[in-house]
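Okay, so here's the structure we're looking at.
Computed from a predicted model, the values in this text were never measured in an experiment. Residue numbers start from 1 in every chain, and the chains themselves are labelled A, B, ... in the order their sequence lines are given, proteins ahead of strands.
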Protein chains: 2
Amino acid sequence: MSKIAEPELLNRLTQVFRTHGYEGASLSRISKATGLQRASLYHRFPGGKAEMAEAVLKRAGEWLQAHALQPLTESGPPERRLRQMAEKLDEFYEGGRQSCLLDALSFGVEQGAIRDHQRAAMKTWVDAIATMLRESGLSGRTAQERAEDAVIRIQGSLVMARATGDQMPFRRTLRNLPQELLRKPEPARA
Amino acid sequence: MSKIAEPELLNRLTQVFRTHGYEGASLSRISKATGLQRASLYHRFPGGKAEMAEAVLKRAGEWLQAHALQPLTESGPPERRLRQMAEKLDEFYEGGRQSCLLDALSFGVEQGAIRDHQRAAMKTWVDAIATMLRESGLSGRTAQERAEDAVIRIQGSLVMARATGDQMPFRRTLRNLPQELLRKPEPARA
DNA sequence: GTCTATAGCTTGATAGAC
DNA sequence: GTCTATCAAGCTATAGAC
């Protein structure tokens, strides 16, 4: 009878996929984490595990867009906007304790809707930062490369945090991000 | 009768773990990739999949040490040594087409020997770069942070390459690494 | 909308022949 | 050292009661 609220259900699903990856996110684990039996999960997600992963990716993308990327489009000093993004990312990844779904779901997933969604999410993220950097006066190419660098550093520091159990590199990366992205471009070397 | 050579066996095992992660590396897939039946695999690795993963990690660590990190300790200009490391990493990760085991095996693996091995490997890698940067005149703290940054960027660019299918960010990261690591430290801002 | 029960396949792992 | 055959447990997914 009582229906578990969708947001909380997705939160718990997200947690499982982040921690165990796609193949490791068995229905047993999902069932235990959500408190729903297998059949109930299939009622909510007729497409099974793949649909659950898609829903989780979709929701994460929406959260990131609404909370981390949206501030980039607002007014105010560029550095401040980037700090707001960093703040939200720190929250999203729980200071480095949580993995990124774009990484966790990149193993053991055949090409299909999930992979398409991942690719699009990565592009959206990079584009949002690049657009903002261009508006701050950087050239198109520099903006694009630095935006990619930003996402690369975030992803890499999450990998390192997971491998070492140390959150410091992730937090330092977030802290330094605004200055690194906005620093004056150096002229090409001889 | 005929025994498959250990190096080639480990090559194929590595390939499977890199592509599918730990849980996705099923014995069926491993069997198909190596041409050995389940029972034969258990003859080589009595500890089963966990022992295979450990062997693969051990070998990858040795390769990295011998080919990518060892040049850092040799004589010659620091930038040249770093370029040699980058060259070997490009080879190791096949220009970004291959994942890092430290990432692939960080999902769905409980704490134990594999995790210990990962943590140690990450530390060895960072330390080798940091030592080299200190010898090049950077302060201990700057050297440590930049070494962490280097590994972070490599890992992150591999994640991005996998998510987008584009190798360019990975190659650019490797190309810029030497200059980024050796650049003159900026004085702290007001 | 949730449940129990179950189908059918795949998993990691083992026994024993050659 | 490799194989075939097999096991119990796990897996995803479904049927049908409430």
Distance in angstrom units between [X] [atom1] and [N] [atom2], rounded:
X	N	atom1	atom2	value
A/Leu41	D/dC11	CG	P	13 Å
B/Ile4	D/dC3	CD1	C1'	13 Å
A/Arg38	D/dG10	CZ	P	10 Å
B/Phe45	C/dG12	CZ	C1'	15 Å
A/Gln37	C/dT4	CD	P	5 Å

For [N], does either OP1 or OP2 sit under 4.0 Å from a side-chain N or O belonging to [X]?
X	N	answer
A/Ser40	C/dG1	no
A/Tyr42	D/dA13	yes
A/His43	C/dG1	yes

key: Selection: residues 14-31 of chain B, any non-hydrogen atom under 4.0 Å of DNA chain D   = none

request  = Mind checking A/Arg44 for me? I need base, sugar-phosphate or nothing, with any heavy atom below 4.0 Å counting as a touch.
outcome  =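 Contact class for A/Arg44: sugar-phosphate only.
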
ask   = Are A/Arg162 and A/Ser99 close enough that a side-chain donor and a side-chain acceptor fall under 3.5 Å?
value = yes

ask   = If we ignore angles and hydrogens, is there a donor and acceptor under 3.5 Å between the side chains of B/Gln15 and B/Gln98?
value =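 On atom types as modelled, these side chains qualify, holding a pair under 3.5 Å.
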
A/Lys49 side chain, from C-beta outward: closest of D/dT12, C/dA15, C/dT2 =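 The listed nucleotide nearest to A/Lys49's side chain is D/dT12.
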
Nucleotide of C/dT2, D/dT2, D/dC3 approaching A/Lys3 most closely (side-chain heavy atoms) = C/dT2

request  = Assign the ring pair A/Phe170 / A/Tyr93 to parallel, tilted or perpendicular, where the plane angle (0 to 90°) is split at 30° and 60°.
outcome  =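 Ring orientation, 0 to 90° scale: perpendicular.
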
key: Carboxylate-amine/guanidinium proximity below 4.0 Å for B/Glu87 and B/Arg83   = no

Between CE on residue B/Met160 and CE on residue A/Met122, distance to nearest 0.5 Å =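 Here the rounded value is 4.5 Å.
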
request  = Using modelled atom types only, decide if a donor and an acceptor are shared between the side chain of B/Arg171 and the backbone of B/Met168 within a distance under 3.5 Å.
outcome  =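 Flag not set: sc B/Arg171 to bb B/Met168 has no pair under 3.5 Å.
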
request  = Determine yes or no for a side-chain-to-main-chain donor-acceptor pair under 3.5 angstrom, with B/Arg153 supplying the side chain and A/Ile152 the backbone.
outcome  =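 Flag not set: sc B/Arg153 to bb A/Ile152 has no pair under 3.5 Å.
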
